[in-house]
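Here is the structure we will look at.
Values below: all heavy atoms of this structure, side chains included; hydrogens, waters and symmetry mates excluded. Throughout, numbering of the chain's residues begins at 1 and tracks the sequence.
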Amino acid sequence: MTPGPTDDLSMMDSEFEVMELTQGTELCQAMEARGDFKFKGIFAMFETIREWSSRMTSNSILPSLEQLQRETSLPADRISEYLKELTGRGSSKMRLVYPIPAVDFLAGPNSSLLRMIVYCRPAKTDGTSAKRYVQAYGEKNFQSLTRWIDSRTVNRSEYEDSIRKRIMEGRLGESQAAAEIARFFYSELDTTPDLKKRTYTIFARPVIKKLIASKHLILLPEKENARASYRAILYNRKNDLEERFALLARLGPLSSAVSGSEPIPAEIKEAIAKMDEARYKELSAGDKQVVQELNLLIPILLRMNVEEKEKKKKLELQNVLSELARQQHVTEIDRIKNLTEDIRLSLIGTGAVLNTEYAVSGRVFTYLLHRESVVNAVKAARELFDRAGDDVEVQILSAMGIERFLDQDQLRAFRDLEQRVLYQRLSWFVRIWRFLFGNSRLKPAEIEKAKNEIQKKNAEEKLKVRTVEAKKAQKKLVSERLKESDIPAPATPARTIEVAENTEMDFEKDEKTLQERLKAEEMLKKVIVELDNAWDAKMLPNREFLLARFSDFTEEFLVLFLKKYARKEIFSFRIMNDKPEYVWPILITRRYIKKNGKAMLSRAMADADEQRKANMPNQEKFDISTSTEDFLNRVLPKI
């Protein structure tokens, strides 16, 4: 049983009706006064319930059977009989008090829920309705269940036996969270299916809806491509969902698709897709339910895996950002501790960090600066220049474009620092000449020219360093090839000469293509920027988009370029729509998926669901969202 659209308690007011207080009191007194003494003591119990109910506003507690037994000193069996009569289930069929199922959370190492029924006698101000008391205990039940869900532990052996039994009986739904929670509300008063249904509708379903809204439970509705209509309400904890998924995969008809110790959602998804209709129809009712529930669980687990990975990455990135913010000067990236390649790329791409590459002492370094540290970094660069005449940090700050983050006074101070640095770079003769003629400040045009020359020299130095590094890498590769080759020992002169000649040819070939590769890397960076900008602008870029952006590209060159240099950095996927604009695959960068993939997946899933539910769905929008969802589900777990 799952929540439906008629859960509003205001639509069931008649279910909360009791006899008017004065009439109820008189009837109860009459029962007490019977000559056969059958109901001796019932009025005292009625009054006890009424008094507890009157204090409900202050202490939020109604009496249970155990509490009534302590206060009235009546035997338990007689109290049960009296309560049956007062709740309208005895001989009189008149409801004088109202029973409410309740659960109480018991904290401890093995936390649990205590099931009970509490009773209320509405006051005169309530008229003949117990609705206020039902709503109050609905909130108490919700609070108890949330605490229990957050702390619950499962006996794996018992849970597995329960799942196996439900599959064999074809009643897998009874092992779900909603069914388990509903059972806490059933009692000995629910003697027929109709009474159970009433208890579920009035008491269990509203609480289950609140638990779904608070994300303690998760509702998995039937999917468009499911074999049959099937819904599931499960505990919304990743460990619980993974454990249930693993059990269903191992115990159900897809056990052969489990390759390792733990089932992989992608593999189970593929196995479901390959299951033909004839085999599905041959399955037992329980096995069909397993397939249906797995089909619903797979996208949820894939999404949770992505979210968990993103959360971990976000936390690591935040730690690195915090460390960087404590550095009050430009920092070389390799000096940051515990920096993975993934976080390194994210760090460079975040808007909170300024970065640039700069060649120093025959090496190319990547320098970072947190935006909050710009002003202090300028002070540190000035102190270094004043103390040691070292202007590298000033040049790095200039290359980062920190002017955008300085106010008017700070910018003026940085301009003065740049003026001093650039003037100091003039030759001794030029400085003396300008000093003698009172021209000791550079003009804006001279500053711009000097900065351009510095940037040009730095670019040439970076190219030179990378060329040297590439040659070293090639030498190392050749050396490893020689070690791994099957040269006879001792090697013959002919074989040695052949290897040496091939090695020399490799060097010559690499020398010719090195410049080409470096230019291709620069071009790839520009292509990545254009694609990312297109996605930010809500476009769906393809090869036609790139041909329009890069006029010197031919279609043949673009295809070869993407295959040769962009295979790991640019992904493509098809949108299954017949419109001409979707003839070519859509292009998207790895960097953009890393940064925005989670949000894109959520948006695509929401758009697809919206079109599924629409009276007049937009087919194009549906095709775009489902194609994007399928692509991201495949790619995100691997990035």
Determine, for Lys165 against Asp161, whether the closest basic-nitrogen to carboxylate-oxygen distance falls under 4.0 angstrom. no
Identify whether the distance between the nearest side-chain nitrogen and carboxylate oxygen of Asp190 and Lys196 falls below 4.0 Å. no
Just wondering, more than 12 heavy atoms not from Lys594 lying within 6.0 Å of its NZ? yes
Do NZ/NE/NH1/NH2 and the carboxylate oxygens of Lys281 and Glu277 come within less than 4.0 Å? no
For Thr48 and Thr72, test the side chains for any donor-to-acceptor distance below 3.5 angstrom and give the result as yes or no. no
Set of side chain to side chain contact (heavy atoms under 4.5 Å, CB included) partners for Pro101, sequence neighbours left out: Phe185, Thr199, Phe203
Do you know the tightest heavy-atom contact between Met116 and Ser64? SD-CB, 4.2 Å
Spacing of CZ belonging to Arg152 relative to CZ belonging to Arg237, to within rounding of 0.5 Å: 6.0 Å
With Ile264 via side chain to side chain contact (heavy atoms under 4.5 Å, CB included) - residues at least two apart: Ser259, Ala266, Glu267
Tell me whether the rings of Tyr82 and Phe39 are parallel (<30°), tilted (30 to 60°) or perpendicular (>60°). tilted
Sidechain N-carboxylate O distance under 4.0 Å for Arg198, Glu15: yes
Arg50 NZ/CZ over Trp52 ring centroid, <6.0 Å and within 45° of normal: no
Are Asp276 and Arg279 ion-paired here, with the side-chain N under 4.0 Å from a carboxylate O? no
With distance as the sole test, does Glu32 use its side chain to make a donor-acceptor pair with the main-chain N or O of Phe43 at under 3.5 Å? yes
So for atom NZ, which belongs to Lys238, do other residues, nucleotides or ligands contribute more than 12 heavy atoms lying within a distance under 6.0 Å? yes
Can a side-chain donor-acceptor contact be found between Lys124 and Thr22 if the only test is distance below 3.5 angstrom? yes
Give the intermediate values and the outcome of salt bridge (Lys or Arg N to Asp or Glu O under 4.0 Å) for residues Glu174 and Arg171. CA-CA 6 Å; Glu174 293 183 8; Arg171 299 187 299 171; 3.4 Å; yes
If I compare all heavy atoms of Gly41 with all of Leu74, which pair ends up nearest, and what's the gap? O-CD1, 3.9 Å
Using side-chain heavy atoms (C-beta onward) and a distance below 4.5 Å, is Leu83 in contact with Ile49? yes
Side-chain ion pair, Lys312 and Glu308, N-O less than 4.0 Å: no
Assess the residue pair Arg250 and Glu160 against the criterion (salt bridge (Lys or Arg N to Asp or Glu O under 4.0 Å)); give the C-alpha distance rounded to whole Å, side-chain angles, the decisive distance to 0.1 Å, and a yes or no. CA-CA 10 Å; Arg250 284 199 292 268; Glu160 183 172 339; 5.7 Å; no
If only atom types and distance count, is the side chain of Thr146 paired as donor or acceptor with the main-chain N or O of Phe142 below 3.5 Å? yes
Checking side-chain polar atoms at under 3.5 Å, does Gln292 have a donor or acceptor matched by the opposite partner on Tyr280? yes
What I want to find out is whether Glu293 reaches Arg244 closely enough, with some N-O distance under 4.0 Å, to be called a salt bridge. yes
Would you say that more than 12 heavy atoms from the other residues, nucleotides or ligands in this model lie under 6.0 Å from the NZ of Lys313, or not? yes
Residues at least two apart in sequence or cross-chain that pass side chain to side chain donor-acceptor pair (under 3.5 Å) with Ser602, listed by chain then number, are none
Give a yes/no verdict on a cation-pi contact between Lys131 and Phe16, requiring under 6.0 Å between NZ or CZ and the six-membered ring centre and an angle within 45° of the axis. no
Relative to Tyr592, does Lys595 satisfy both conditions: NZ or CZ under 6.0 angstrom from the six-membered ring centre, and within 45 degrees of the ring's axis? no
Regarding Glu307 and Arg303, does a basic nitrogen lie under 4.0 Å from an acidic carboxylate oxygen? yes
Should Glu310 and Lys598 be marked as a salt bridge (Lys or Arg N to Asp or Glu O under 4.0 Å) after you check the CA-CA gap, both sets of side-chain angles, and the distance that decides it? CA-CA 8 Å; Glu310 286 295 320; Lys598 177 185 172 183; over 6 Å; no
